[in-house]
Amino acid sequence: MSSVVSWEDAGTGVLVARIDRKPANALGPPIIDGLNALLDEAERRDSRVLVLTSAITGFFAAGADIKHMGTVDAQSFTEYGDRLRGAVERLASANLISIAAVEGVALGGGLELAMACTMRVSGADAKYGLPEVRLGLIPGAAGTQRLPRLVGRGRAIDIMATARQVPADEAASIGLVDRLVPAGEAEEAALALAGQLSGLSRPALAAVVRTVDAAFDRPFDEGKRYEVEQIQELFETGEAREGITAFLEKRAPKFA
């Protein structure tokens, strides 16, 4: 277990992880190492759902480690960026459902980390932003790609170009976060959601994510064909048969 990323088993295949690098969870090398250790552990446990949150009041994660960036040369900057991107993309492609439980600010790389999760649950006092233009930069861990997919081109440019902080209620209304709960209740709500998801068919959940993502990457007709492939595979591999049989027998399904 990392000194700045800790985790615990919440039961039913749910793993809860907390980032704790004071003062603001800057995503420097210690957190990158911690995220990779976390994902190693999730793979070892074969976790079904991961809830990612912060142990620091007022901060989910304030962004990249600017102090670290200010001390490195161009080559080291590239290496740092590659390592951060690697951890973020590893989270995005993990064989589980990931839920970011956000309280406080999620800025820059912190928002990119939250957007790499499958879903986002937000406390009402949370704020979101990609303010890299203030440093003469742009988001570098797929923020320019994921944000417009969530909120649309115009809103994404508005958020990035103005470097403004988006309040939680607006974030929910534009689709940046999926669920909005009272301040201080994001982790509790995320755990409740995780418990619900952990009891569902893991292959079916993965297929939902794949087919929805395909809607952004493929022409409509190709996406429809991919949907047919996915549903046929679920039926042929037994998940749908088990779900249908359990429904007819009025019992809980025993999914993979």
Side-chain angles (χ1 to χ4, degrees), residues 5 7-17 35-53 85-102 112-121 142 145-146 149-150 175-179 186-256:
V5 180
W7 53 80
E8 61 181 301
D9 187 350
T12 65
V14 178
L15 190 64
V16 183
L35 289 172
N36 280 312
L38 166 65
L39 293 168
D40 288 343
E41 181 67 12
E43 290 177 4
R44 186 188 70 79
R45 293 171 179 253
D46 196 27
S47 299
R48 302 171 73 91
V49 185
L50 170 65
V51 174
L52 182 63
T53 189
R85 284 184 286 272
V88 169
E89 292 309 311
R90 188 177 172 196
L91 172 64
S93 62
N95 184 32
L96 47 71
I97 298 294
S98 53
I99 305 170
V102 182
E112 289 175 305
L113 183 65
M115 290 192 294
C117 291
T118 316
M119 302 181 73
R120 284 153 296 286
V121 176
Q145 304 305 299
R146 288 197 170 95
R149 292 187 178 203
L150 292 171
L176 180 53
V177 301
D178 304 296
R179 300 195 177 188
E187 182 176 336
E188 179 182 355
L191 283 170
L193 176 58
Q196 176 186 353
L197 295 174
S198 68
L200 299 177
S201 165
R202 187 173 188 174
L205 288 173
V208 165
V209 175
R210 286 196 301 270
T211 51
V212 169
D213 286 345
F216 293 92
D217 298 329
R218 305 182 182 204
F220 185 72
D221 286 343
E222 185 179 335
K224 288 194 298 180
R225 288 193 294 272
Y226 185 61
E227 177 186 85
V228 171
E229 293 171 6
Q230 295 297 302
I231 193 171
Q232 188 68 26
E233 180 179 345
L234 289 168
F235 189 82
E236 292 177 359
T237 56
E239 284 294 285
R241 291 183 185 275
E242 168 60 16
I244 293 167
T245 300
F247 178 82
L248 294 173
E249 295 178 352
K250 295 181 171 55
R251 61 171 174 82
K254 298 177 182 178
F255 287 129

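Along the sequence shown, residues carry numbers from 1. Atoms considered below: every heavy atom in the structure, side chains included; atoms not considered: hydrogens, waters and symmetry mates. Please read these numbers as outputs of a predicted model, since none were measured by experiment.
- The closest side-chain heavy-atom distance from Ile99 to Val121 is below 4.5 Å.
- Two residues are said to be in side-chain contact when any heavy atoms from C-beta on lie closer than 4.5 Å; Ser98 and Leu96 meet this criterion.
- With sequence neighbours left out, Glu89 forms a salt bridge (Lys or Arg N to Asp or Glu O under 4.0 Å) with Arg146.
- Side-chain contact between Leu197 and Leu205 is present, with heavy atoms from C-beta onward closer than 4.5 Å.
- Inter-residue side-chain proximity for Val177 and Met119 is flagged as unmet; no heavy-atom pair is nearer than 4.5 Å.
- Between Asp40 and Arg45 no salt bridge is recorded (no basic side-chain N to carboxylate O distance below 4.0 Å).
- Side-chain atoms of Leu91 and Leu38, non-hydrogen and from C-beta on, never get closer than 4.5 Å to each other.
- The structure places CG of Leu176 at 7.0 Å from CE of Met115, a figure rounded to the nearest 0.5 Å.
- Side-chain contact check for Asp178 versus Leu193: every heavy-atom pair is 4.5 Å or farther apart.
- Residues satisfying the side-chain hydrogen bond (donor to acceptor under 3.5 Å, both in side chains) test with Ser47, not counting sequence neighbours, are none.
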Output side-chain donor-acceptor pairs under 3.5 Å for residues 214-229, partner residues at least two apart or in another chain, one line each.
residue: Asp217; atom: OD1; partner: Arg149; partner atom: NH1; Å: 3.3
residue: Asp217; atom: OD1; partner: Arg149; partner atom: NH2; Å: 3.0
residue: Tyr226; atom: OH; partner: Gln230; partner atom: NE2; Å: 3.4

Audit row: Val102, Glu187, side chain to side chain contact (heavy atoms under 4.5 Å, CB included) steps and yes/no: CA-CA 8 Å; Val102 182; Glu187 182 176 336; over 6 Å; no

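- Among residues two or more places apart in sequence or in another chain, the side-chain hydrogen bond (donor to acceptor under 3.5 Å, both in side chains) test is passed with Glu239 by Ser201.
- Interatomic distance, CZ of Phe255 versus CD of Glu242, reported as 6.5 Å (0.5 Å rounding).
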Could you walk me through whether Leu15 and Val51 satisfy the side chain to side chain contact (heavy atoms under 4.5 Å, CB included) test, starting with their C-alpha distance in whole Å, then the side-chain angles of each, then the deciding distance to 0.1 Å, before giving a yes or no? CA-CA 6 Å; Leu15 190 64; Val51 174; over 6 Å; no

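- Within a 6.0 Å radius of CD in Glu43, other residues, nucleotides and ligands contribute more than 12 heavy atoms.
- Taking CG of Leu50 as the start and CD1 of Ile97 as the end, the distance is 10.5 Å to the nearest 0.5 Å.
- Take Asn36 and apply the side-chain hydrogen bond (donor to acceptor under 3.5 Å, both in side chains) test, not counting sequence neighbours, and it matches Arg90.
- The side-chain heavy atoms of Asn95 and Arg48, taken from C-beta on, include no pair separated by under 4.5 Å.
- A distance of 4.0 Å separates CZ in Arg241 from CZ in Phe235, rounded to the nearest 0.5 Å.
- A donor-acceptor pair under 3.5 Å links the side-chain atoms of Thr211 to the main chain of Val208, judged by distance alone.
- By the 4.5 Å heavy-atom criterion applied to side chains, Leu113 and Leu52 are counted as neighbours.
- Taken to the nearest 0.5 Å, the CD atom of Gln145 stands 10.5 Å off from the CD atom of Glu112.
- Among residues two or more places apart in sequence or in another chain, the side-chain hydrogen bond (donor to acceptor under 3.5 Å, both in side chains) test is passed with Thr12 by Ser198.
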